[in-house]
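Lettering of chains follows the sequences in order, A, B, ..., and the numbering in each one begins at 1.
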Amino acid sequence: MSLRVYNTLSGSKEEFVPLTPGKVGMYVCGVTVYDNCHIGHARAGVVFDMIYRYLGAKGFEVNYVRNYTDIDDKIINRANREGVPYNVISERYIHEFDVDMARLFMLLPTHQPKATEHIAEIIGLIERLIERGFAYQAGSDVNFSVDKYESYLKLSKRNLEDMQAGARIEVDERKQHPMDFALWKGSKPGEPFWESPWGQGRPGWHIECSAMSMKYLGETFDIHGGGKDLVFPHHENEMAQTEAATGKPFVKYWIHNGFVNINAEKMSKSLGNFFTIKEVLERYDAEVLRFFLLSAHYRSPIDFSDQNLKDAEAGLERIYKALAGVDERLQGAEDPARTEECAELEEKCQGLATRFTEAMDDDFNTALALGHVFDLVRAINKCLPHAPKALLGQVQAEVATVATVLGVLDSKPAEFLERIKARKTEGMEIAVEEIERLIAERAEARKAKDFKKSDQIRDELLAKNIVLLDSAQGTTWQVK
RNA sequence: GGCGGCAUGGCCAAGUGGUAAGGCAAAGGACUGCAAAUCCUUUAUUCCCCGGUUCGAAUCCGGGUGCCGCCUCCA
C-alpha cells in the first residue's frame with residue numbers, strides 16, 4: 001500500500017516516491033511574525049504536523065523545515081508604531097508562535113530557520129541570479145525578471161497576459177516587466193538594513209525561503225507546503241527564482257491546505273474576521289480544536305463556528321468516554337472469558353490499523369480515518385462488559401498508534417474528561433459545594449424512597465445544566 | 001475580466017464508475033424508581049439543475065445556477 005498525495009503542480013494525486021529512498025525533505029512556510037497567530041495558522045500548522053508525523057510513522061526519515069519570516073514591512077510598521085526596534089516585535093511573536101504551536105500538540109520541526117540569520121545565503125543566491133541573467137538591479141533594488149524564466153506561472157496555472165489584464169497593482173517604472181518582483185529591497189532611512197553589493201537593504205519576501213530551503217534541504221527536495229493562499233505569488237516566485245538559479249527542479253510535491261472560513265468566507269487579517277489561537281483556546285480545549293481541524297480533509301475549506309466546535313467536542317468526548325471505560329475495566333479484577341459478542345470488537349480492533357493506513361495513504365484523509373475510530377468506539381461500547389483484558393489491551397495499543405499520527409487521543413481518558421468538565425464548570429451558575437450538598441440531600445431522599453423529592457432535586461439541578469448520574473457506586477454529576 | 005475550487009440528509013463530513021462511511025442533533029425502544037451514559041431502530045430510492053456517455057454515475061463529459069478562493073499582504 002503506497003502513499004498518494006495531491007500535487008498542486010500536476011493538479012492530481014500522485015504516488016509519493018521520495019528523491020532518496022527512505023528520506024523526505026519537507027519545507028513548510030511558517031509565519032511572518034508581526035502579530036499573534038489565528039486559527040488559519042493553526043490549521044496549516046496542524047496539517048503539516050500531521051503529515052510530518054505520518055511520514056515518520058511510515059518509516060521515512062523526515063527533515064522538516066519551517067521558517068520564521070522575521071523581517072518584513074508589517075514587522076517594521078508595527079515596530080514603528082510601538083517605537084521599538086523591529087527585532088523586539090519579531091522575537092515577541094516568534095515566542096508567541098512557539099507557545100501556540102506547542103499548545104496544539106505540534107512536534108518541533110527539524111529546523112526552524114529565520115530569514116535574518118541567512119542574509120549571506122540570500123545575497124549569494126541573488127548574485128547567482130544576476131550572473132545567470134535572471135535578475136537585474138534597479139536603483140537600490142534587485143528584481144527578478146519573469147520574462148527570462150520560461151516556466152513562470154506553471155504552479156498557479158495562469159498566464160502573464162491575463163494576470164496583467166486583471167492586475168490591480170500599480171506598475172513600478174523601474175521594473176522591466178510589470179510582474180517582476182523584488183529579490184532585494186533598498187532600505188529607506190530609518191528602516192533596518194543589511195549591507196549588500198547593492199547597498200543597504202533587506203531581502204524580498206520570497207527569496208528567504210529559496211535560500212533557506214536550499215541550505216537545509218538541498219537544491220531539489222520532496223515536499224513544499226503552505227496555505228493555499230501562498231500558491232501565488234509566494235510559491236510561484238520561490239520556484240521561479242530557485243529553478244532559475246540552480247537549473248534544476250525545485251520541489252517534487254507541492255502540498256497546500258485549504259482555508260479556515262467564517263460564515264463561508266476566508267478568515268484573514270485583512271477582512272478582520274479572524275480569531276486568534278489564544279482566544280479560541282480560552283473557550284475550547286486545545287485537543288478539541290485540533291480534532292476539529294482534522295475532522296475535514298486538509299484541502300477542503302473548514303468552517304469555524306461555535307456549533308462546529310461544540311460538535312467536535314461532543315464527538316471527542318464520545319471517544320474518550322469509551323476509552324475511559326476501557327481503562328476502568330483494565331483496572332478491575334474480573335477478566336471474563338471471551339464471548340461471541342467480542343467478535344465485532346476484535347474485528348474492528350484488528351482492522352483499524354489497515355483501515356487507518358488506507359485512509360491516510362489516500363492523500364492524508366484524516367476525516368475518514370477518524371470515522372474508523374468511531375466505528376471502533378461503537379464496538380467497544382457494545383462489548384465492553386464481556387471483553388477480556390487482552391483484547392482491551394489491544395484496543396489501547398491500536399488507538400495509541402492513531403494518536404501518535406494525528407496528535408489527538410493522546411490524553412489519559414479520565415484526564416481529558418476531567419479537563420472538559422472543569423472547563424464547563426467554570427461558567428456554571430452554581431457552586432460545586434452546593435451541587436454536592438444537594439446530591440447528599442437527594443441520596444437521603446432516595447434511601448427513604450422519597451422519589452418525589454429526589455426528582456425535584458434532579459430537576460432543580462437540571463435547570464442549572466447539571467446532570468446527575470446514578471450508579472451502583474453512588475451519584476456523580478456533569479455539566480450538560 | 002482571467003484562472004482555480006466547491007455544491008452530499010436539520011447541521012458537520014467521507015466517498016473519482018458498481019448501487020450513499022462516520023460525527024452532531026432529533027424521534028422511538030431496551031436499560032433506569034426517574035434520569036444520564038450505552039446499545040438497538042428510525043431520519044438522503046438519493047448526492048444543486050438540465051442534457052450526454054455507460055449494462056451501471058454522487059462519481060466521467062457538455063451546459064446552466066449558486067457559493068468561495070487567487071490575481072494586493074495573507075496559513
Side-chain angles (χ1 to χ4, degrees), chain A residues 8 11-13 28-32 34 37-48 72-74 77 153 156-170 179 205 225-234 236 256-261 264-271 274 291-292 295-297 299-303 305 307-319 321-322 325 355 359 362 365-375 377-378 380-385 446 449-452 454-456 458-459 462 467-471 475-478 480:
Chain A
T8 306
S12 56
K13 284 184 198 171
V28 174
C29 289
V31 287
T32 300
Y34 72 103
C37 290
H38 57 61
I39 305 304
H41 300 112
R43 184 178 196 190
V46 166
V47 163
F48 288 100
D72 152 278
D73 286 345
K74 289 193 289 282
N77 289 157
L153 301 181
S156 53
K157 300 172 180 60
R158 303 152 195 252
N159 68 70
L160 273 178
E161 289 69 37
D162 292 339
M163 292 288 289
Q164 285 170 74
R168 284 178 275 166
I169 43 170
E170 287 174 35
M179 295 303 293
W205 176 31
K228 247 183 173 144
D229 45 0
L230 295 182
V231 175
F232 187 90
H234 188 232
E236 190 72 62
H256 295 97
N257 65 276
F259 298 131
V260 175
N261 291 163
E265 271 193 328
K266 177 186 173 184
M267 175 187 292
S268 77
K269 289 271 182 174
S270 42
L271 288 171
F274 63 92
F291 181 81
F292 165 70
S295 68
H297 184 91
R299 284 189 284 119
S300 307
I302 190 167
D303 215 58
S305 70
Q307 188 55 52
N308 290 164
L309 266 286
K310 277 179 182 153
D311 286 356
E313 182 176 274
L316 191 55
E317 251 189 295
R318 175 177 164 82
I319 299 175
K321 272 179 185 161
R355 282 186 275 261
D362 186 11
N365 194 336
T366 54
L368 181 58
L370 286 170
H372 296 321
V373 173
F374 279 107
D375 284 339
V377 164
R378 194 186 310 105
I380 291 171
N381 288 331
K382 211 185 276 190
C383 99
L384 190 59
R446 290 182 74 207
K449 303 270 182 207
D450 183 356
F451 294 122
K452 194 177 168 191
S454 167
D455 289 349
Q456 195 185 322
R458 176 188 287 287
D459 291 344
L462 191 60
V467 182
L468 297 183
L469 291 73
D470 294 329
S471 77
T475 300
T476 57
W477 59 277
Q478 57 181 220
K480 199 176 176 184

Quick check: closest heavy atoms across [X] and [Y], and the distance to 0.1 Å?
X: A:Asp362; Y: A:His297; answer: O-CE1, 4.4 Å
X: A:Leu469; Y: A:Val467; answer: CD1-O, 3.3 Å
X: A:Ile302; Y: A:Phe292; answer: CD1-O, 3.3 Å
X: A:Arg43; Y: A:Arg299; answer: NH2-N, 4.5 Å
X: A:His256; Y: A:Thr8; answer: ND1-OG1, 2.7 Å
X: A:Phe232; Y: A:Ser156; answer: CD1-OG, 3.7 Å

Handout entry: Sequence-aligned protein contact record of nucleotides 31-36 of chain B, with B where the base is within under 4.0 Å of a protein heavy atom and S where only the sugar-phosphate is
Key = --BBBS
Practice task
Let me have a per-nucleotide readout for nucleotides 14-24 of chain B, 5' to 3', with B, S or -, counting only protein heavy atoms under 4.0 Å.
Solution key: SS-----BSBS
Same-atom distance ([atom1]) from [N] to [M], integer angstrom:
N: B:C48; M: B:U59; atom1: P; result: 8 Å
N: B:U45; M: B:G63; atom1: P; result: 30 Å
N: B:A25; M: B:C67; atom1: C1'; result: 25 Å
N: B:G1; M: B:U8; atom1: P; result: 26 Å
N: B:G22; M: B:U65; atom1: C1'; result: 31 Å
N: B:C12; M: B:A21; atom1: C1'; result: 14 Å
N: B:C3; M: B:G64; atom1: P; result: 14 Å
N: B:G17; M: B:G52; atom1: C1'; result: 15 Å

Problem - Distance test, side-chain N/O of A:Asn381 to OP1/OP2 of B:C39, below 4.0 Å - result: yes
For [N], give its Watson-Crick or G-U wobble partner with both distances under 3.5 Å, or none.
N: B:A36; answer: none
N: B:C3; answer: B:G69
N: B:C48; answer: B:G64
N: B:U16; answer: none
N: B:A26; answer: B:U42

Exercise for the section: Indicate yes or no: at least one non-hydrogen side-chain atom of A:Phe48 is less than 4.5 angstrom from one of A:Asn257. Expected result: yes
Practice task
Check whether any side-chain heavy atom of A:Glu313 sits under 4.5 Å from a side-chain heavy atom of A:Leu309, and report yes or no.
Solution key: no
Check nucleotides 27-30 of chain B for protein N or O atoms closer than 3.5 Å to its own N or O atoms and list the pairs.
none

Handout entry: d(CG, A:Asn159; P, B:C3) in whole Å
Key = 8 Å
Fill in the blank from the handout: Note: for A:Thr32 and A:Val377 on RNA chain B, the residue whose nearest nucleotide lies more 5' is A:Val377
Practice task
Nearest-nucleotide wise, let me know which of A:Cys29 and A:Phe292 is further upstream toward the 5' end of RNA chain B.
Solution key: A:Phe292
Fill in the blank from the handout: d(A:Ile39 CD1, A:Asn261 CG) to nearest 0.5 Å is 13.0 Å
Problem - Atom pair CG (A:Asn308) and OG (A:Ser295), whose distance is rounded to the nearest 0.5 Å - result: 8.0 Å
Practice task
Would you please classify the geometry between the A:Phe291 ring and the A:Phe374 ring as parallel, tilted or perpendicular, with 30° and 60° separating the classes?
Solution key: perpendicular
Exercise for the section: Tell me what A:Val260 touches on the nucleic acid: a base, only sugar-phosphate, or nothing, going by heavy atoms under 4.0 Å. Expected result: base
Exercise for the section: Could you check whether A:Gly30 gets within reach of a base, just the sugar-phosphate, or nothing at all, counting any heavy atom under 4.0 Å? Expected result: sugar-phosphate
Completion exercise
Residues at least two apart in sequence or cross-chain that pass side-chain hydrogen bond (donor to acceptor under 3.5 Å, both in side chains) with A:Thr475, listed by chain then number, are A:Asp470
Problem - Residue list, side chain to side chain contact (heavy atoms under 4.5 Å, CB included) with A:Ile380, at least two apart or on another chain - result: A:Ala322, A:Leu323, A:Val326, A:Leu345, A:Leu376, A:Leu384, A:Val395
Problem - Ring-face cation contact, A:Phe259 with A:Lys228, 6.0 Å cut, 45° max - result: no
Enumerate all atom pairs, one protein N or O and one N or O from nucleotides 67-70 of chain B, separated by less than 3.5 Å.
from  : atom 1 : to       : atom 2 : distance (Å)
B:C70 : OP1    : A:Lys266 : NZ     : 2.6
B:C70 : O2'    : A:Arg158 : NH2    : 2.7
B:C70 : O2     : A:Arg158 : NH1    : 3.4

Problem - Ion pair check, A:Lys266 and A:Asp229, cut-off under 4.0 Å - result: yes
Problem - Residue A:Asn308, side-chain atoms from C-beta onward, closest of B:C39, B:C11, B:A75 - result: B:C11
